[in-house]
Novice: 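Quick one: the structure is below, and I'll ask about it shortly.
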Amino acid sequence: MSGPIDAERAGTVAATSCVPMGNLEYVIESRHHGSVETWFVVRPHQDLAQHYARLGVVLLPNCRVVVEAESLRPVGLLPGDVPVAPSPAGFNPYFDLPPA
């Protein structure tokens, strides 16, 4: 039973960490050479455009920013006009984000 509680706590920590960068949409984790790499995908706050510009990122309308989780350094942009792909098995409340 500790799995879901730990996942919920980790999600809360991730969302709190991203507040200065924008609203957290996704957490992405991958294994690379035996270590886990984590990125956050956030909807940036438009009032932070100058902050992002200082970091070398020019915000586009409705974009998402990919942020390296450990350093909170932006590493790229995702365009806002990319449609969300439907899940082949339908909505899964344990893994899918709720519809906006």
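For the numbers below, each heavy atom of this structure counts, side chains included, while hydrogens, waters and symmetry mates do not.
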Novice: How long is the gap from CD on E29 to CH2 on W39, to the nearest 0.5 Å?
Specialist: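 Here the interatomic distance stands at 9.5 Å.
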Novice: Stepwise, does the side chain to side chain contact (heavy atoms under 4.5 Å, CB included) test hold for N62 with R43?
Specialist: CA-CA 8 Å; N62 298 319; R43 287 274 184 188; 4.1 Å; yes
Novice: What I'd like to find out is whether the side chain of V65 reaches to under 4.5 Å of the side chain of V41, using heavy atoms alone.
Specialist: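 No, every pair of side-chain atoms sits at 4.5 Å or beyond.
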Novice: Of all heavy-atom pairs between P44 and Y52, which one has the smallest distance, and what is that distance?
Specialist: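 Heavy-atom minimum between the residues: CB-CE1, 3.6 Å.
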Novice: Who are the side chain to side chain contact (heavy atoms under 4.5 Å, CB included) partners of S35, not counting sequence neighbours?
Specialist: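 Residues passing side chain to side chain contact (heavy atoms under 4.5 Å, CB included) with S35: none at all.
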Novice: Using residues 67-76 as the side-chain source, report each donor-acceptor pair under 3.5 Å to any protein atom, sequence neighbours left out, with the distance given to one decimal.
Specialist:
| unit_1 | atom_1 | unit_2 | atom_2 | d |
| --- | --- | --- | --- | --- |
| E68 | OE1 | E70 | N | 3.3 |
| E68 | OE1 | S71 | N | 2.7 |
| E68 | OE1 | S71 | OG | 2.7 |
| E68 | OE2 | E70 | N | 3.2 |
| S71 | OG | R73 | N | 3.3 |

Novice: Considering all heavy atoms of both residues, which atom of L59 and which atom of H45 are nearest to each other, and what is their separation?
Specialist: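 The pair with the smallest heavy-atom distance is CD1-O, 4.3 Å.
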Novice: Residues two or more places apart in sequence or in another chain: which of them pass side chain to side chain contact (heavy atoms under 4.5 Å, CB included) with V58?
Specialist: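 Expected list: none.
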